[in-house]
Number of protein chains: 4
Amino acid sequence: MQSTPENHQPGCRWLRRKEARPGEIMDAALAVFIEKGYAGTKMEDIARQAGVTKGTPYLYFQNKEELFREIIKSAIQPRLDEVQSYIDASADHSLQQQLQNIADHWRQTVLETPRSGILKLMMAEAGNFPDVAAYYDTHVIQRFHQQLIHLLETGMARGEIRRLDPVYAAHIIIAPMLYSVMHKHCFAQQNQQTRLDSQLLFQQALDILFNGLRTTDIQTHHG
Amino acid sequence: MQSTPENHQPGCRWLRRKEARPGEIMDAALAVFIEKGYAGTKMEDIARQAGVTKGTPYLYFQNKEELFREIIKSAIQPRLDEVQSYIDASADHSLQQQLQNIADHWRQTVLETPRSGILKLMMAEAGNFPDVAAYYDTHVIQRFHQQLIHLLETGMARGEIRRLDPVYAAHIIIAPMLYSVMHKHCFAQQNQQTRLDSQLLFQQALDILFNGLRTTDIQTHHG
Amino acid sequence: MQSTPENHQPGCRWLRRKEARPGEIMDAALAVFIEKGYAGTKMEDIARQAGVTKGTPYLYFQNKEELFREIIKSAIQPRLDEVQSYIDASADHSLQQQLQNIADHWRQTVLETPRSGILKLMMAEAGNFPDVAAYYDTHVIQRFHQQLIHLLETGMARGEIRRLDPVYAAHIIIAPMLYSVMHKHCFAQQNQQTRLDSQLLFQQALDILFNGLRTTDIQTHHG
Amino acid sequence: MQSTPENHQPGCRWLRRKEARPGEIMDAALAVFIEKGYAGTKMEDIARQAGVTKGTPYLYFQNKEELFREIIKSAIQPRLDEVQSYIDASADHSLQQQLQNIADHWRQTVLETPRSGILKLMMAEAGNFPDVAAYYDTHVIQRFHQQLIHLLETGMARGEIRRLDPVYAAHIIIAPMLYSVMHKHCFAQQNQQTRLDSQLLFQQALDILFNGLRTTDIQTHHG
DNA sequence: TATGAATGAGCGTTCATTCAT
DNA sequence: CATGAATGAACGCTCATTCAT
């Protein structure tokens with residue numbers, strides 16, 4: 001999917017200067033795209049948010065669409081293996097502990113940062129950028145899904161959880177994560193009373209999940 | 001769904017369908033809004049989808065924004081008490097059975113119909129229509145949330161489930177519903193391999209939830 | 001200038017039915033055209049004002065422009081010789097009396113009727129309908145101007161007024177008439193305090209005019 | 001008048017004239033509004049007349065209506081006290097001399113410039129912009145009317161003219177001014193034979209008026 | 001590099017006009 | 001004759017994009 005930022009040969013169609021400017025513009029653009037959607041966002045809004053004038057974004061990005069795609073790409077690229085390395089590093093923890101760690105980490109590095117908006121943005125614009133959405137789905141969501149499946153299978157193999165379809169179980173683990181993102185970006189800002197403490201949410205989710213996922217230790221307690 | 005715009009005989013420049021038109025246009029508009037978002041949707045797209053020409057929607061709706069709001073309103077109004085009455089009718093069932101019924105009913109009447117798109121649309125456009133989003137949140141999401149809380153509290157009082165914070169438990173029940181909507185409208189169409197069987201999803205979700213929500217009869221077994 | 005209403009042969013492009021409807025529509029159209037101008041007037045406004053629906057005016061007039069032209073024509077035609085015959089009938093009166101009569105008559109049959117609006121309409125639309133304006137100028141304004149010139153020349157020949165350029169004198173007689181029309185249609189409706197009593201206006205105008213137009217035989221009479 | 005749009009060199013897609021533009025656009029807009037009326041004028045006509053493209057006027061004026069109102073405002077503002085100061089400066093002249101000066105001045109600075117069109121425009125659009133028309137009436141026409149009334153009253157007090165209603169006398173002085181404006185903008189361009197020499201018109205008007213307004217100098221001849 | 005005046009394709013909306021009823 | 005739903009050309013206005021400065 002388009003050349004990565006690193007491979008900018010001379011002759012590369014779009015200039016990429018890896019100084020501060022492009023990053024500032026992408027940050028600004030992300031914020032505005034999340035708030036207003038792709039079509040609802042004016043290049044001038046982005047420029048103003050970035051503290052530059054109308055023409056400047058065009059020095060770094062060929063056009064609005066490329067700017068949009070770059071944002072998504074730049075959000076996907078660096079994270080592709082992040083979770084995996086994180087998982088590998090804690091391979092000897094219990095499944096519950098691993099999931100707890102993943103949730104905590106994700107909460108701190110995604111949910112509570114502007115990057116959570118990428119997900120919301122992808123959802124909103126999937127119809128207009130099906131290729132980007134498919135790419136995001138494949139490389140982010142499904143990848144994470146596979147990682148969860150693997151964790152669950154390992155957990156089953158270890159006897160930590162009872163046997164069940166790991167594919168759907170993984171969906172059920174992902175669901176509250178997506179839910180918290182949508183809540184944050186769609187409703188929380190207006191209805192202040194609708195506070196959602198995501199730490200509590202994940203804590204309770206894991207509690208509920210595990211007291212159900214766990215192999216019937218009840219019986220074992222009997223013995 | 002949409003009454004067939006195909007029934008234009010050639011030679012008949014237009015049909016007169018004063019009663020049917022608004023509904024047809026709203027159906028068409030919903031479909032296009034969901035796909036492209038509010039700003040990305042052209043009135044002419046809507047008209048074409050409805051089988052009319054660009055001027056016709058303006059005979060029934062003042063402008064694009066009013067058409068948008070009407071769609072949301074018309075989706076909210078009739079459902080306000082639907083779930084409640086459904087809940088009331090099955091008050092004597094077990095909690096698990098009630099949740100199963102709710103999930104089935106919702107799947108058949110919302111998820112598997114175009115109306116599921118309303119939720120996706122609300123999420124995508126919350127930034128541009130904060131008032132509508134807040135209204136939707138209050139009257140649909142929070143209301144359903146309250147209903148779930150009530151069910152959970154009743155279940156706790158009855159001893160069907162163990163004591164826990166019903167607010168967050170309800171969030172965890174809602175999460176897979178929202179997840180399935182997003183999946184359907186954002187990714188399923190492109191990545192055909194990403195099939196999500198929502199019936200299975202909810203079935204397994206309830207299985208997992210209940211084998212965790214269930215009061216820890218383990219302890220009682222201990223005594 | 002287009003065929004007159006009378007000559008509607010079969011085959012005539014535009015139907016003219018001389019019953020009530022066309023007249024009602026023209027009256028309505030005149031009122032709205034005067035108020036809003038040609039371009040600012042919607043055919044539906046005209047129809048509503050006439051108590052019919054959108055399509056009806058098209059049964060009698062080919063299109064908006066023809067309707068407009070018909071109104072002007074119908075206002076011009078019947079008046080072409082009206083003033084002349086009126087003048088002829090009072091040929092033996094004094095010039096001052098004749099002018100007084102003309103002013104009274106014009107005030108009652110034009111200024112104080114909706115027909116005064118035709119003049120205002122012509123002025124407003126002269127740029128868009130130069131042919132109509134030129135026709136109106138030639139056949140109404142200049143014609144009246146010529147009639148006044150003739151009266152003034154007669155008055156000079158009779159020794160009723162001193163010798164001066166009758167062309168400009170006639171302009172000066174016409175000016176208050178146009179002034180009263182503009183006042184009525186442009187300002188009087190808003191600023192109610194700006195009442196202009198046209199009878200008084202013409203009375204004083206004639207007084208002033210005649211005490212100046214009169215040959216200075218005063219001195220001679222004295223001696 | 002309008003700065004030459006001709007000075008576009010070929011090969012230069014646009015000129016940057018931030019300071020000059022608003023004035024150029026207003027000049028162009030005034031010309032087109034006068035010719036075609038408000039509703040009949042397309043923004044693109046204005047732009048073309050100003051030598052720019054359709055988007056440019058919107059860089060300086062919010063919309064068509066604001067552009068219209070600005071034109072009127074800008075024509076009213078600077079003139080509010082112009083006549084008064086002019087009158088004050090010639091307070092010791094005879095009334096006839098004062099009126100002659102006013103007429104000359106007005107002819108040179110208004111009638112024979114594009115600004116005369118403002119009056120025509122106000123008349124044509126009074127129905128669509130009643131607030132603007134009322135403002136114009138109050139601050140331009142009635143104000144001038146009051147100034148004339150004051151001059152006439154002074155003239156009466158000085159014994160320069162006989163006693164009469166100064167309100168209507170002032171109307172009669174204004175009438176030829178309005179008449180000449182209408183003539184210029186509505187008929188003169190088409191019917192070239194209808195030449196109206198405004199200098200002659202006012203000269204003769206004053207002659208006629210004064211030979212009637214003058215206190216009966218007849219008596220003075222007696223002494 | 002950065003600016004921002006200017007461009008012009010494109011969309012929302014209107015309304016003169018048509019024609020099946 | 002009359003209606004009014006539907007049409008579609010045209011206009012107001014926006015905003016992504018360009019490029020002289």
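The model shown is predicted, which means the values in this text are computed figures rather than measured ones. Each chain gets a letter, A, B and so on, in the order the sequences are listed, and its residues count up from 1. Only this structure's heavy atoms are used, side chains among them; waters, hydrogens and symmetry mates stay out.
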To the nearest angstrom, how far is [X] atom [atom1] from [N] atom [atom2]?
{"X": "A/Glu66", "N": "F/dT17", "atom1": "CD", "atom2": "C1'", "value": "14 Å"}
{"X": "A/Glu44", "N": "E/dG4", "atom1": "CD", "atom2": "P", "value": "10 Å"}
{"X": "A/Arg48", "N": "E/dT3", "atom1": "CZ", "atom2": "C1'", "value": "15 Å"}
{"X": "B/Arg21", "N": "F/dA6", "atom1": "CZ", "atom2": "C1'", "value": "8 Å"}
{"X": "D/Ile46", "N": "E/dA6", "atom1": "CD1", "atom2": "P", "value": "16 Å"}
{"X": "A/Ile25", "N": "F/dT17", "atom1": "CD1", "atom2": "P", "value": "14 Å"}
{"X": "A/Phe33", "N": "F/dA16", "atom1": "CZ", "atom2": "C1'", "value": "11 Å"}
{"X": "C/Glu65", "N": "E/dC15", "atom1": "CD", "atom2": "P", "value": "18 Å"}

Looking only at heavy atoms, which two atoms of A/Ala31 and A/Gln49 are closest? And how far apart?
CB-NE2, 4.1 Å

Does F/dT21 have a Watson-Crick or wobble partner in any strand here, with both distances under 3.5 angstrom, and which is it?
E/dA2

Within the structure shown, what part of the strands sits under 4.0 Å from [X] by heavy-atom distance: base, sugar-phosphate, or nothing?
{"X": "B/Tyr60", "value": "sugar-phosphate"}
{"X": "A/Lys42", "value": "sugar-phosphate"}
{"X": "A/Lys64", "value": "sugar-phosphate"}

With under 30° as parallel and over 60° as perpendicular, where do the rings of B/Phe33 and B/Tyr38 fit, or are they tilted in between?
parallel

Would you sort out whether C/Met123 and D/Met123 count as a side chain to side chain contact (heavy atoms under 4.5 Å, CB included), showing the intermediate values?
CA-CA 8 Å; C/Met123 307 251 132; D/Met123 307 251 133; over 6 Å; no

First encountered from the 5' end of DNA chain E, between B/Tyr38 and D/Gly55:
D/Gly55

Mapping C/Lys54 and B/Met43 onto DNA chain E by nearest heavy atom, which one lands closer to the 5' end?
B/Met43

Toward the 5' end of DNA chain F, which comes first, A/Ala39 or D/Thr41, by nearest nucleotide?
D/Thr41

Salt-bridge test for D/Arg69 and D/Asp131: reply yes if a basic N is under 4.0 Å from a carboxylate O, no otherwise.
yes

Centroid-centroid under 6.0 Å between A/Phe61 and A/Phe68 rings
no

[X] has a side chain; which of [options] sits nearest to it?
{"X": "A/Tyr58", "options": "E/dA6, E/dT13, F/dT17", "result": "F/dT17"}
{"X": "A/Leu59", "options": "E/dT1, F/dT7, F/dG4", "result": "E/dT1"}
{"X": "D/Thr56", "options": "E/dT3, E/dT7, F/dC13", "result": "E/dT7"}

